[in-house]
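These notes are about the structure you will find just below.
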Amino acid sequence: MEIVYEVTEEAYIDFNLYHAQNSETVRKTMTMQRVLVPIIYVVMAIVLSFILDITILFMVIPFLIMGILWAVFYPKYFYLHIRKLAKKLLREGKNTGILGVHTMIFTEVGLREISATGEELVSWAGIENFGEDTSNLYLYNSGLSAYIIPKSSLVDVDRIRQFLLDKINNEN
């Protein structure tokens, strides 16, 4: 089975967002930042109330409101930051091996990916994980990188998804 597709800047950004949303390490980091900052705000309010000799309630309420706002809006900020960072990283180099037209050939033993920078052969055992969002399929070849296959380039997404899942699950 052979597919030809184009990896766009948006597909690359989608992958970075997908990875951040599904990475246990990133989720733990975001949760810790989301919880610790409001706690620090409240502790600061208590300390400042003693230093400035102001009623604790008068200091805690504004800082508590800031903490709640932080906890509510931080995830949106976090993912916007990832989007901006991915765009910046793309602008640092040519990225011809990541972006652009790719050809992927699926066989019984693995996959062959051809791009403007060369060709790569990977056995199914070299695919660590499979991911999917509304726009793309992701074949993780490491904990941090994946082959990005836009669904818009696929004639039969369900058939390809099932083929890939069968191959990956049989090897891992």
Side-chain angles (χ1 to χ4, degrees), residues 1-35 37 69-172:
M1 177 181 341
E2 181 176 318
I3 55 173
V4 177
Y5 56 94
E6 182 175 0
V7 177
T8 62
E9 183 177 297
E10 194 59 36
Y12 178 78
I13 293 167
D14 288 346
F15 167 70
N16 280 272
L17 290 170
Y18 173 85
H19 182 71
Q21 292 165 347
N22 293 282
S23 165
E24 188 65 31
T25 302
V26 174
R27 278 198 318 248
K28 283 181 183 177
T29 300
M30 187 184 64
T31 301
M32 188 171 16
Q33 291 171 354
R34 191 176 183 188
V35 170
V37 169
L69 290 173
W70 174 271
V72 169
F73 293 109
Y74 181 70
K76 185 173 179 105
Y77 164 78
F78 184 81
Y79 293 121
L80 281 173
H81 178 70
I82 288 174
R83 176 177 282 282
K84 286 180 185 178
L85 183 60
K87 282 183 180 181
K88 272 184 166 179
L89 291 172
L90 280 174
R91 286 175 179 55
E92 284 184 0
K94 292 181 183 177
N95 300 306
T96 51
I98 297 171
L99 302 180
V101 176
H102 295 254
T103 301
M104 188 165 291
I105 302 167
F106 300 120
T107 67
E108 289 302 314
V109 294
L111 60 88
R112 188 169 128 209
E113 194 255 355
I114 305 165
S115 70
T117 58
E119 185 174 321
E120 188 173 2
L121 299 170
V122 179
S123 70
W124 290 116
I127 303 298
E128 294 183 11
N129 201 357
F130 174 83
E132 177 179 11
D133 62 17
T134 57
S135 304
N136 306 293
L137 302 177
Y138 306 110
L139 299 174
Y140 277 85
N141 56 350
S142 75
L144 292 173
S145 66
Y147 298 104
I148 303 167
I149 305 170
K151 289 181 180 179
S152 61
S153 301
L154 305 176
V155 176
D156 189 349
V157 175
D158 293 331
R159 190 184 90 186
I160 291 173
R161 178 190 307 110
Q162 194 55 54
F163 174 81
L164 293 171
L165 287 171
D166 289 345
K167 292 298 180 186
I168 295 166
N169 290 334
N170 286 337
E171 290 297 323
N172 294 331

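Predicted, not measured: the structure shown is a model, and the values here were computed from it.
Taking each heavy atom of Gly110 and Trp124 in turn, the nearest pair found is N-NE1, 3.1 Å. Looking at every heavy atom in both residues, Lys151 comes nearest to Asn136 through CE-O, 3.8 Å. Here the closest non-hydrogen pair linking Leu99 and Thr8 is CD2-O, 3.5 Å. The minimum heavy-atom distance linking Ile114 with Glu119 is given by the pair CG1-CG, 3.9 Å. The two residues Leu139 and Phe106 have their closest heavy-atom pair at CD1-CE2, 4.2 Å. Between Asn141 and Ala146, the shortest heavy-atom contact is OD1-N, 3.6 Å.
Asp158 and Gln162 are not linked by any side-chain donor-acceptor pair at a separation below 3.5 angstrom, with hydrogens and angles left out of the test.
For the atom pair CG of Leu121 and CZ of Arg112, the computed distance is 7.0 Å after rounding to the nearest 0.5 Å. In this structure, Asn129 CG and Asn22 CG are separated by 9.0 Å, a value rounded to the nearest 0.5 Å. The structure places NZ of Lys84 at 12.0 Å from CD1 of Ile13, a figure rounded to the nearest 0.5 Å. Note that CG of Leu164 is 8.5 Å distant from CD1 of Ile127, once rounded to the nearest 0.5 Å. Atoms CD and CG, on Glu132 and Leu165 in that order, are 8.0 Å from each other to the nearest 0.5 Å.
Proximity of Ile148 to Asp14: side-chain heavy atoms (C-beta onward) are nowhere separated by under 4.5 Å. Side-chain contact between Phe130 and Asn169 is absent, with no heavy-atom pair separated by less than 4.5 Å. Side-chain contact between Ser153 and Glu6 is absent, with no heavy atoms from C-beta onward closer than 4.5 Å. Residues Glu10 and Arg83 form a side-chain contact, since some pair of their non-hydrogen atoms from C-beta on lies under 4.5 Å apart. Looking at Tyr138 and Asp133, their side chains come closer than 4.5 Å, going by heavy atoms from C-beta outward.
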Discussion item. Assess the residue pair Leu154 and Leu137 against the criterion (side chain to side chain contact (heavy atoms under 4.5 Å, CB included)); give the C-alpha distance rounded to whole Å, side-chain angles, the decisive distance to 0.1 Å, and a yes or no.
Written reply: CA-CA 10 Å; Leu154 305 176; Leu137 302 177; 3.7 Å; yes
Worksheet entry | Residues Glu108, Lys167; criterion side chain to side chain contact (heavy atoms under 4.5 Å, CB included); working and verdict | CA-CA 8 Å; Glu108 289 302 314; Lys167 292 298 180 186; 2.3 Å; yes
Item to complete: Begin from the C-alpha positions of Leu111 and Tyr147 and carry the test side chain to side chain contact (heavy atoms under 4.5 Å, CB included) through to its verdict.
Response: CA-CA 11 Å; Leu111 60 88; Tyr147 298 104; 4.1 Å; yes
Practice prompt. Determine, stepwise, if the pair Ile160 / Met1 fulfils side chain to side chain contact (heavy atoms under 4.5 Å, CB included).
Written response: CA-CA 9 Å; Ile160 291 173; Met1 177 181 341; 3.6 Å; yes
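Ring-plane geometry between Trp70 and Tyr74 is classed as parallel, the angle between the planes falling under 30 degrees on a 0 to 90 degree scale with a further cut at 60. Note on ring orientation: taking the six-membered ring where Trp is involved, the planes of Tyr5 and His102 are parallel (angle under 30°, cut-offs 30° and 60°). Using bins of under 30°, 30° to 60° and over 60° for the plane-to-plane angle, the ring pair Tyr140/Tyr18 lands in the tilted bin.
Remark: Glu9 does not engage Lys87 in a salt bridge, criterion side-chain N to carboxylate O under 4.0 Å.
Arg34 places a side-chain N or O within 3.5 Å of a backbone atom of Ala71 that can act as its donor or acceptor partner.
Heavy atoms of other residues, nucleotides or ligands lying less than 6.0 angstrom from CZ of Phe73 number 12 at most.
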